[in-house]
Amino acid sequence: MPELPEVEILVRHLAPLLRGKTVRRVDVRRAKVIAPTTERALSRILRGAKFIGVERRGKYLLFTLRVPRRRNPVLLVGHLGMTGRIYLLPKENPLPRHAAVVMELGRHLFVYEDTRYFGRLTLDTSGPCRLGPEPLGREFSVDYFADTLQRSAQSIKVKLLDQTLVAGIGNIYASEALFRARISPKLPARRLARKQIQHLWEAIREVLKEAIDCGSTLPLDFSGTRRRDGLFYYGAAGDESKFYQERLRVYDRGGEPCVRCRTTIRRVVQAARSTYFCPHCQR
DNA sequence: CACCATGTTCCTTG
DNA sequence: CCAAGGAACATGGT
């Protein structure tokens with residue numbers, strides 16, 4: 001899935017394109033992704049609604065729309081799961097096989113496609129309501145981070161994936177941040193020293209900021225017409241994503257030498273997910 | 001066929 | 001009650 005940086009880049013891309021556009025028609029092709037909203041309800045509320053803005057919260061996309069004859073704007077919540085994509089497609093182009101929700105907007109279609117259908121595009125706001133603070137925001141202080149970590153026996157890697165602790169870190173950036181901070185992913189959260197917590201806090205912010213900077217300087221193509229799909233994250237096709245992948249220091253580098261000490265990078269499984277780390281640099 | 005995959009939620013076990 | 005681990009969700013790539 002896109003983690004925080006990928007969603008941030010997508011939101012920045014979509015915001016100016018969507019602002020002022022009116023939804024003419026809503027086509028739900030996979031009911032699961034709008035649950036618990038029904039197709040009737042989604043269609044009734046969104047038809048005639050106009051996009052005001054798009055924001056990101058953690059890994060969620062928040063679309064705000066003004067609805068005719070309604071006081072308050074409506075919030076449409078998106079989450080890309082592992083394989084979700086959102087882009088505008090010229091009307092004459094064929095729809096992708098796994099188009100889950102399609103909205104007609106003038107000459108373009110708003111397409112939410114998702115091969116595995118793990119993501120969401122819904123009126124249900126409970127997802128983003130459960131999130132912890134933004135890692136790049138004011139609320140995410142070192143003190144808050146330390147207080148929360150001291151109360152958990154969970155391994156620090158698994159803890160970083162807890163979206164109620166801090167929102168937006170996923171499997172890739174959890175490994176990357178721990179490598180940067182030189183902390184073992186297996187260390188129980190409560191056993192981190194204050195200095196390590198400070199380092200990890202900085203590493204998280206640096207890793208995320210650098211990924212956003214990287215994405216915002218690349219010439220991304222969001223057209224969705226194969227090849228480069230605009231999502232520059234790990235696993236995407238195209239030269240840009242290769243360039244991006246090279247920036248990851250440990251993720252998916254099991255068996256390769258550590259860039260700092262040449263020790264072989266190890267892959268371990270924690271909470272059923274892969275973790276990559278350098279057993280020498282990270283103790 | 002085997003195993004792996006950017007995420008979240010739910011269930012079981014201890 | 002809580003934490004931890006695993007399965008489920010669904011599809012595709014290697």
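In this text the structure is predicted, and so the values were computed from the model without any measurement. Naming: A, B, ... by sequence-line order, numbering from 1 per chain.
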Taking pairing as Watson-Crick or G-U wobble with both contacts under 3.5 Å, can you name the mate of B:dA5, or confirm there isn't one?
C:dT11
Among the nucleotides B:dA5, C:dA10, B:dG7, whichever has the atom closest to the side chain of A:Lys32 is C:dA10
For A:Leu121 and B:dG7, give me the distance from atom CG to atom P, rounded to whole Å.
19 Å
Here's a test of your reading of the structure: between A:Ala272 and A:Leu131, which maps to the more 5' nucleotide of DNA chain B?
A:Ala272
With a 4.0 Å limit, can you tell me whether A:Gln154 has a side-chain N or O closer than that to the phosphate oxygens OP1/OP2 of C:dA3?
no
Closer than 4.0 Å, any side-chain N/O of A:Arg130 to the OP1 or OP2 of B:dT9?
yes
One pair to check against salt bridge (Lys or Arg N to Asp or Glu O under 4.0 Å): A:Arg97 and A:Glu113. What are the steps and the verdict?
CA-CA 8 Å; A:Arg97 175 196 294 270; A:Glu113 77 161 302; over 6 Å; no
If the cut-off is 4.0 Å, is A:His98 near the phosphate of C:dT11, judged by side-chain N/O to OP1 or OP2?
no
Thinking salt bridges, do A:Glu176 and A:Arg247 make one under a 4.0 Å N-O criterion?
no
Among C:dT11, B:dA5, C:dG12, find the nucleotide with the atom closest to the side chain of A:Arg30.
C:dT11
Quick check on B:dT8: is either OP1 or OP2 less than 4.0 Å from any side-chain nitrogen or oxygen of A:Lys59?
yes
Short side-chain N/O contact from A:Ser274 to OP1 or OP2 of B:dA5, under 4.0 Å
yes
Can A:Phe118 be classed as stacking with the base of B:dG7, given a centroid separation cut-off of 5.5 Å and a plane angle cut-off of 30°?
yes
Classify A:Arg97 by what it touches in the nucleic acid, base, sugar-phosphate, or nothing, heavy-atom distance under 4.0 Å.
sugar-phosphate
Could you verify whether a donor N or O on one side chain and an acceptor N or O on the other, from A:Ser141 and A:Asp143, lie under 3.5 Å apart?
no
On DNA chain B, does the nearest nucleotide to A:Arg116 precede the nearest nucleotide to A:Gly127 from the 5' side, or the other way round? Give the residue.
A:Arg116
Please check if any side-chain donor atom of A:Arg267 sits under 3.5 Å from a side-chain acceptor atom of A:Ser274, or the reverse.
yes
Ignoring the backbone of A:Thr115, work out which of B:dC4, C:dG12, C:dC9 is nearest its side chain.
C:dG12
Find the distance between CZ (A:Arg120) and NZ (A:Lys32) and round it off to the nearest 0.5 Å.
5.5 Å
